[in-house]
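Single-structure report; data block below.
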Number of protein chains: 2
Amino acid sequence: MSTGWQTVQAEVLRRIQNRDWPPGGLIPGEVALAREFGCARATVNRALQALADDGWLERRRRAGTRVALSPLRRAQMSVAVLRKEVEALGKTYGHRLLSRKVTGDLLSLQTLHQADGTAYGLEDREIDLTHMPAAASADFTTLSANEWLVQNAPFDHGNMSYMSEGATASDARHLDCPEGTPLLILYRETFSEAGRITRVRLAHAPGHVVRLQI
Amino acid sequence: MSTGWQTVQAEVLRRIQNRDWPPGGLIPGEVALAREFGCARATVNRALQALADDGWLERRRRAGTRVALSPLRRAQMSVAVLRKEVEALGKTYGHRLLSRKVTGDLLSLQTLHQADGTAYGLEDREIDLTHMPAAASADFTTLSANEWLVQNAPFDHGNMSYMSEGATASDARHLDCPEGTPLLILYRETFSEAGRITRVRLAHAPGHVVRLQI
DNA sequence: GGTGTGAATATGTCTATACATATTGAGCAA
DNA sequence: TTGCTCAATATGTATAGACATATTCACACC
């Protein structure tokens with residue numbers, strides 16, 4: 001069948017990428033497109049809606065549909081569990097709980113993640129026990145805190161930051177590199193409705209690369 | 001009105017986050033939900049579709065709709081023009097074209113990006129002139145190559161990599177830091193249908209942070 | 001037990017229709 | 001000119017109905 005909304009989407013996308021419809025330009029209305037493609041307006045609507053969701057089009061009632069001026073592309077990256085990240089490389093994942101300490105309502109954990117037995121990343125994590133009381137009694141030696149939280153702490157939102165830092169003494173010791181070695185550091189906070197659940201600093205092993213698809 | 005698809009979406013999302021419907025669990029069928037919410041099945045469909053797009057649900061014909069096991073959250077990051085990135089910080093953007101060289105079909109450019117007059121990032125870029133012949137005659141002293149390409153080279157796909165490297169001699173000279181200083185380095189390639197358009201290495205100034213929203 | 005087959009079923013998608021809503025722009029009034 | 005009102009219009013959304021398609025499950029058969 002040639003009248004699916006996916007067909008319409010593909011053709012419209014082709015015209016955008018082909019600059020048949022230039023950036024910022026108004027494209028024909030839904031009714032006109034429906035007529036052209038020989039389908040119902042709802043089908044065109046579905047297609048344009050999807051393209052708008054992906055940032056290719058900007059739509060406003062009455063004003064019509066325009067090709068987005070700066071196809072503000074977004075890079076996407078999955079927030080993966082470290083175990084899966086390692087296994088995706090074809091390596092065997094392992095981890096060691098280096099320390100565990102409770103101060104007030106804060107549980108502090110230090111974990112070393114390994115790939116094929118060698119250091120992959122050093123994680124320093126704080127978990128708020130008021131929001132995640134179950135974490136106090138969890139056994140993080142078999143299931144890493146990273147994975148435990150993904151499974152047990154659904155979150156609303158969060159943020160991540162990447163930066164470059166020289167290896168601290170602790171980083172150097174556990175990641176087996178000289179102090180000051182440039183390392184890719186990830187800071188991440190995740191929040192639930194109630195407040196911050198956890199905060200983590202992850203020092204990647206030297207040479208680590210983060211890849212994103214556009 | 002309480003029968004909008006957004007209302008249904010919100011309520012379903014609430015139940016997922018509230019664990020009324022546990023991860024991996026089957027949720028009621030569209031017909032049942034439509035009956036419950038007092039709306040048409042198409043409305044429920046629209047809502048569930050949207051949630052599936054966002055990774056909260058997994059839907060399969062006949063098999064029904066399940067709450068995603070690991071709400072595989074994606075971090076998003078806009079692929080911004082550097083000028084806008086700087087201006088978003090409330091600073092004045094500037095850039096200097098340091099070198100320009102053509103070898104065969106390859107145009108090589110080195111550009112220093114500045115924020116409020118101080119170094120922000122050092123860019124080494126190669127542009128394939130067979131795919132972007134117009135680049136040969138473009139004036140990159142007024143409009144940076146970064147921005148020129150965003151406006152003139154629509155691309156299909158690409159990839160980005162972040163890593164941590166010690167400042168090279170060139171990095172150190174232009175970014176005004178000691179050699180070996182840990183820097184956040186971005187590599188990016190973008191492709192059109194025809195092939196690779198451009199490849200870039202961007203060395204960020206020391207202390208640079210890349211933020212992503214989850 | 002294993003295997004194939006067909007009925008049942010949940011979601012996928014399209015259609016036609018209707019009304020809602022935001023925005024534009026023309027026309028009129030101050 | 002400025003400002004207001006109102007009609008026209010493009011998209012947003014809801015609905016009922018229909019058929020498509022994938023998958024499961026029960027059941028017959030070997």
Side-chain angles (χ1 to χ4, degrees), chain A residues 1-17 20-72, chain B residues 1-17 20-72:
Chain A
M1 182 174 304
S2 73
T3 63
W5 67 269
Q6 323 234 20
T7 312
V8 176
Q9 184 189 33
E11 173 58 16
V12 170
L13 184 54
R14 196 192 63 73
R15 292 186 191 177
I16 295 171
Q17 293 184 335
D20 292 345
W21 293 333
L26 212 55
I27 77 171
E30 296 188 348
V31 183
L33 290 175
R35 218 173 19 239
E36 178 191 339
F37 290 113
C39 65
R41 184 171 78 91
T43 305
V44 173
N45 184 283
R46 179 85 166 85
L48 298 188
Q49 199 75 253
L51 286 168
D53 281 347
D54 287 348
W56 290 103
L57 296 173
E58 277 167 20
R59 323 189 69 204
R60 272 164 60 223
R61 276 184 177 164
R62 163 62 185 160
T65 300
R66 296 178 173 280
V67 178
L69 249 183
S70 57
L72 203 273
Chain B
M1 183 174 303
S2 73
T3 62
W5 67 269
Q6 323 233 21
T7 313
V8 176
Q9 184 189 34
E11 173 58 15
V12 170
L13 184 54
R14 197 192 61 74
R15 293 186 190 177
I16 295 172
Q17 293 184 334
D20 293 343
W21 293 332
L26 211 55
I27 77 171
E30 296 188 348
V31 183
L33 289 174
R35 219 175 16 241
E36 180 192 339
F37 290 115
C39 64
R41 184 170 78 91
T43 306
V44 173
N45 184 284
R46 179 86 166 84
L48 298 189
Q49 199 75 251
L51 286 169
D53 281 348
D54 288 348
W56 289 103
L57 295 173
E58 277 168 18
R59 324 189 69 202
R60 272 163 61 222
R61 277 183 177 165
R62 162 61 186 162
T65 300
R66 296 178 172 280
V67 178
L69 249 182
S70 56
L72 203 273

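In what follows, chains carry the letters A, B, and so on, assigned in the order in which the sequence lines appear, proteins first and then strands, with residues in each chain numbered from 1. Remember, predicted model here, so these are calculated numbers, not experimental data.
- One atom, CG of A:Asn45, and another, C1' of C:dA18, lie 14 Å apart when rounded to the nearest Å.
- Rounded to a whole Å, the CG atom of A:Leu57 is 13 Å from the C1' atom of D:dT11.
- With sequence neighbours left out, the side chain to side chain donor-acceptor pair (under 3.5 Å) criterion links A:Gln9 to no other residue.
- Across B:Val12, B:Val8, B:Thr43, a single residue satisfies side-chain contact (heavy atoms from CB on, under 4.5 Å) together with B:Leu48, and that is B:Val12.
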Fill in: side chain to side chain contact (heavy atoms under 4.5 Å, CB included) between B:Ile16 and B:Leu57, worked out
CA-CA 9 Å; B:Ile16 295 172; B:Leu57 295 173; 3.7 Å; yes
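- In terms of position along DNA chain C, the nucleotide closest to B:Leu48 lies nearer the 5' end than the nucleotide closest to the other residue of the pair B:Leu48 and A:Ala42.
- Regarding B:Glu58, its CD atom lies at a distance of 15 Å from the C1' atom of C:dT11, rounded to whole Å.
- Nearest to the side chain of A:Gln49, among C:dA16, D:dT15, D:dG12, sits D:dG12.
- Pairs of residues two or more places apart, or lying in two chains, that qualify as salt bridge (Lys or Arg N to Asp or Glu O under 4.0 Å) and include a residue from residues 21-31 of chain B are B:Glu30-B:Arg41, B:Glu30-B:Arg59.
- Computed from coordinates, the A:Leu33 CG to D:dT11 C1' distance equals 12 Å when rounded to whole Å.
- Checked by distance alone, A:Arg41 brings a side-chain donor or acceptor within 3.5 Å of a matching partner on the base of D:dT13.
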Discussion item. For Watson-Crick and G-U wobble pairs within 3.5 Å on both distances, what is DNA chain D written in dot-bracket notation, | included for inter-strand pairing?
Written reply: ||||||||||||||||||||||||||||||
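- In this structure, CD of A:Glu30 is placed 15 Å from C1' of C:dT17, rounded to the nearest angstrom.
- Checked against side chain to side chain donor-acceptor pair (under 3.5 Å), A:Arg15 has the following partners two or more places apart in sequence or in another chain: A:Glu11, A:Glu36.
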What are the atom names and distances for every N/O pair under 3.5 Å that joins the protein to nucleotides 23-25 of chain D?
{"from": "D:dT23", "atom 1": "O2", "to": "B:Arg62", "atom 2": "NE", "distance (Å)": "3.1"}
{"from": "D:dT24", "atom 1": "OP1", "to": "B:Arg60", "atom 2": "NH2", "distance (Å)": "3.1"}
{"from": "D:dT24", "atom 1": "O4'", "to": "B:Arg62", "atom 2": "NE", "distance (Å)": "3.3"}

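- Considering only the side chain of A:Arg46, C:dT13 comes nearest among C:dT15, C:dT13, D:dT11.
- Applying the side-chain contact (heavy atoms from CB on, under 4.5 Å) rule to B:Ala63 yields the partners B:Arg60; only residues at least two apart in sequence or on another chain are considered.
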Item to complete: For side chain to side chain contact (heavy atoms under 4.5 Å, CB included), just list the numbers for A:Thr65 and A:Leu51, CA-CA rounded to whole Å, side-chain angles, deciding distance to a tenth of an Å, and then say yes or no.
Response: CA-CA 11 Å; A:Thr65 300; A:Leu51 286 168; over 6 Å; no
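- For the OP1/OP2 pair of D:dT15 and a distance below 4.0 Å, the side-chain nitrogens and oxygens of B:Thr43 include at least one atom meeting the criterion.
- Shown here are the side chain to side chain donor-acceptor pair (under 3.5 Å) partners of B:Arg66, two or more places apart in sequence or in another chain: there are none.
- Regarding B:Trp5, its CH2 atom lies at a distance of 11 Å from the P atom of D:dG12, rounded to whole Å.
- In this structure, CG of A:Leu26 is placed 15 Å from P of D:dT9, rounded to the nearest angstrom.
- Distance A:Gln6 CD to C:dG12 P: 11 Å, rounded to the nearest Å.
- With sequence neighbours excluded, the residues satisfying side-chain contact (heavy atoms from CB on, under 4.5 Å) with B:Pro28 are B:Trp21, B:Ala32, B:Leu33.
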